[in-house]
Amino acid sequence: MLQLNYLRENTDEAIARLAVKNMDAAAIIAQILSEDENRRKTQVALDSLLAESNQLAKQVGDLYKQKKAAEADDLKNKSTALKEESQKLEVQLAASEQQLNDLLVRLPNTPHASVPKGKTPEENEIVHSEGDIAAYTNAISPHWELTTKYDLIDFELGNKITGAGFPVYKGKCARLQRALINYFLDQATEAGFQEIQPPILINEASGFGTGQLPDKEGQMYFVGADNLYLIPTAEVPVTNMYRDVILKEDQFPVKLTAYTPCFRREAGSYGKDVRGLNRLHQFDKVEIVQLQHPDKSYEALEQMKDYVAGLVRSLGLPFRILRLCGGDMSFASALTYDFEVYSAAQKRWLEVSSVSNFESFQANRMKLRFREGNNGKPRLAHTLNGSALALPRIVAALLENNQHEDGIHIPAVLHRYTGFDKIA
RNA sequence: GGAGAGGUGGGUGAGUGGCUGAAACCAACAGUUUGCUAAACUGUCGUACAUCAAAAGUGUACCGGGGGUUCGAAUCCCCCCCUCUCCGCCA
């Protein structure tokens, strides 16, 4: 969530920036500022009342010690009267804080200055592309045909066991997935990210910390009996490791990576978008997370972008990098790069990674701070994360792009992980 | 799941109604001193909000979370969460 001080001191800028996300925030920010004023007024009143009754309580104690019970009783009555008032104010203050918080939580993050205006994905800015997409004359069959032909994935079986969007990977495809996971983790480790195995169920506080809750609970699977959510991405448990933590400045950067399955309800999707591996309720992903000093977070974002580019490149897939426009960005992000690989038989770009800087938006929600120098005041850290990478669409592109007469060729970097170089 | 014990500041740990925002020790930080990868001494050493131009200062809140009793709660009562020990179950 945005910092109150920022809204107070840069009201116009905040409104202008949120307009890039196609939000007219003037009214809600005005409401926030007036509620904030209200809150402060109430607190001043309450604090002085409490100070007074603290004084009285002390005096009562002293009087009892001096055996002046009558005088003490007088003060007690006075204090009781004060208490009624202060209780009213306490209720007021709590309501005001609640109201303020409810408003603040509804504001999305302000986009970075480089974020283009726009409402639809078509308005995303292509910042990089590589690979010759016209070269794939071999790519005849879409992956859902190949997976049947080579007995790689059984979507029907997944329907039977669970439901749509939960495929069963078999044989060489299961092995290919495991290979990709291991390859991605090894690469991330080599790049300085510490490997983490987090829980894949999270509590409400964690969901709030990274911005999934409130309001977006419909996108997560919920285990009602225990009040837990299945993670939509490893970002949630991994970033929340640092909830309510004050780091020392020299601990930056914190770089973490994790493989987890990811669960998304994805209500309301349909058509060719969801065919085959294009959109699933459960999928595997290796995530990279970074915590950084505010002065260095954009540098870190570029590094993470370059890292992911290298990863996609190493698999030999044509890809492009988009800087998302305001309208296509997520609620919590300040700047997002999407990576799309070209799926040659479907003749479409598939998103395989999303690399974002959240600046202090998540950090503010989860009170992730750092201390500047040895005894500086705590400041909010910046959080970043990116997929490196999400598997299903990578698998789809690999299968489609690399299909040949003699079978599907596996990229060389994976051979030591798969143990085979071809699916035939 | 059952029985018992317990959750205090970065750590250990004292505190069972007012003199405790919290002893002591350790760690950390700053300085002084000693001719030497260290010791001794002194000081600093939680967070948030408010007040203030800002700093200092001051006020308020916070001793797992939430409620209650009381003039006054870390301390008493209730609910919840978590940890440990034993038992049960189990990969």
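Computed from a predicted model, the values in this text were never measured in an experiment. Throughout, a chain's letter reflects where its sequence line sits, starting with A, and its residues are numbered from 1.
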Rounded to the nearest Å, what distance is computed from the CG atom of residue A:L63 to the P atom of nucleotide B:U70?
20 Å

Is there a Watson-Crick or G-U wobble partner for B:A22 with both distances under 3.5 Å, and if so, which one is it?
none

If you measure from the C1' atom in B:C63 to the same atom in B:G46, how many Å do you get, rounded?
11 Å

Does a salt bridge link A:K119 with A:E123, judged by any charged N lying under 4.0 Å from a carboxylate O?
no

Rounding to a whole Å, what distance do you find between A:Q98:CD and B:G66:C1'?
14 Å

Determine which nucleotide pairs with B:A54, using a 3.5 Å limit on both distances of a Watson-Crick or G-U wobble pair.
none

For residues A:F331 and A:F361, establish whether the separation of their ring centroids is below 6.0 Å.
yes

Whom does B:C29 pair with, Watson-Crick or G-U wobble, provided both distances fall under 3.5 Å?
B:G43

Please say which of A:I394, A:I153, A:L391 ends up in a side-chain contact (heavy atoms from CB on, under 4.5 Å) with A:L277.
A:I153

Under a 4.0 Å threshold between the charged nitrogen and the carboxylate oxygen, would A:K296 count as salt-bridged to A:E299?
no

When A:Q43 and A:S48 are each assigned the nearest nucleotide of RNA chain B, the 5'-most assignment goes to A:Q43

Provide the distance between the two P atoms, one in B:G72 and one in B:U60, to the nearest whole Å.
15 Å

Strictly below 4.0 Å, N to O, side chains only: are A:E372 and A:K377 in salt-bridge contact?
no

For B:G88, which nucleotide is its Watson-Crick or G-U wobble mate, given both distances must be under 3.5 Å?
none

A:L384 vs A:S356 side-chain heavy atoms within contact, under 4.5 Å:
no

Looking at A:H112 versus A:Y298, is the centre-to-centre ring distance below 6.0 Å?
yes

A:M1: which residues meet the side chain to side chain contact (heavy atoms under 4.5 Å, CB included) condition with it, sequence neighbours left out?
A:N101, A:L104, A:V105, A:N364, A:R365, A:K367

For A:N54 and B:A61, is the shortest distance between a side-chain N/O and OP1 or OP2 below 4.0 Å?
yes

Using whole Å, what does the distance between atom P of nucleotide B:C29 and atom CD of A:E249 come to?
15 Å

Protein and nucleotides 16-19 of chain B: nitrogen or oxygen contacts under 3.5 angstrom:
residue: B:G18; atom: N2; partner: A:A57; partner atom: O; Å: 2.6

Which nucleotide in the set B:G59, B:C71, B:U51 lies at the smallest distance from any side-chain heavy atom of A:V44?
B:U51

Counterpart base for B:C49, defined by Watson-Crick or G-U wobble contacts under 3.5 Å:
B:G59

Quick one about A:Q303 and A:D306 (side-chain donor to acceptor, distance below 3.5 Å, no hydrogens or angles considered), yes or no?
no

Please state the C1' separation for the pair B:A39 and B:C49 - nearest whole angstrom.
43 Å

Between B:U33 and B:G43, how far is it from one C1' atom to the other, in whole Å?
15 Å

Any A:R39 side-chain N or O less than 4.0 Å from OP1/OP2 of B:A50:
yes

Using the C1' atom as the reference point in each nucleotide, state the distance between B:A61 and B:G9 in Å, no decimals.
16 Å

Reckon A:K83 touches a base, only the sugar-phosphate, or nothing at all at heavy-atom distances under 4.0 Å?
base

Quantified in whole Å, what is the C1' atom distance between nucleotide B:U75 and nucleotide B:G17?
6 Å

Would you say the ring centroid of A:F358 lies under 6.0 angstrom from that of A:H382?
no

For atom CG of A:D73 and atom P of B:G72, their distance in whole Å:
14 Å

Nearest whole Å is fine: how far is B:C71 C1' from A:L75 CG?
8 Å

Provide the distance between the two P atoms, one in B:A24 and one in B:U44, to the nearest whole Å.
12 Å

If I take atom CG from residue A:L291 and atom CG from residue A:L247, how far apart are they, to the nearest 0.5 angstrom?
6.5 Å

Can you check the distance between B:G67 and B:G15, where both ends of the measurement are the P atom (answer in whole Å)?
28 Å

Can you tell me how far C1' of B:U51 sits from CG of A:L50, to the nearest Å?
15 Å

Phosphate oxygens OP1/OP2 of B:U51: is one of them under 4.0 Å from a side-chain N or O of A:R40?
yes

Residue matched to B:G17 through Watson-Crick or wobble contacts both under 3.5 angstrom:
none

What is the distance, rounded to the nearest whole Å, between atom CD of A:E97 and atom C1' of B:A50?
11 Å

Closest-nucleotide 5' rank along RNA chain B - winner of A:T80 and A:D47
A:D47

A:D74 and A:K78 ion-paired at < 4.0 Å
no

Polar-atom pairs under 3.5 Å, protein N or O versus N or O of nucleotides 45-48 of chain B: list them with distances, or write none.
residue: B:U47; atom: OP1; partner: A:R371; partner atom: NH1; Å: 2.6
residue: B:U47; atom: OP1; partner: A:R371; partner atom: NH2; Å: 3.0
residue: B:U47; atom: O3'; partner: A:R369; partner atom: NH1; Å: 3.1
residue: B:A48; atom: OP1; partner: A:R369; partner atom: NH1; Å: 3.0

Separation of A:N227 atom CG from B:C82 atom P, in whole Å?
11 Å

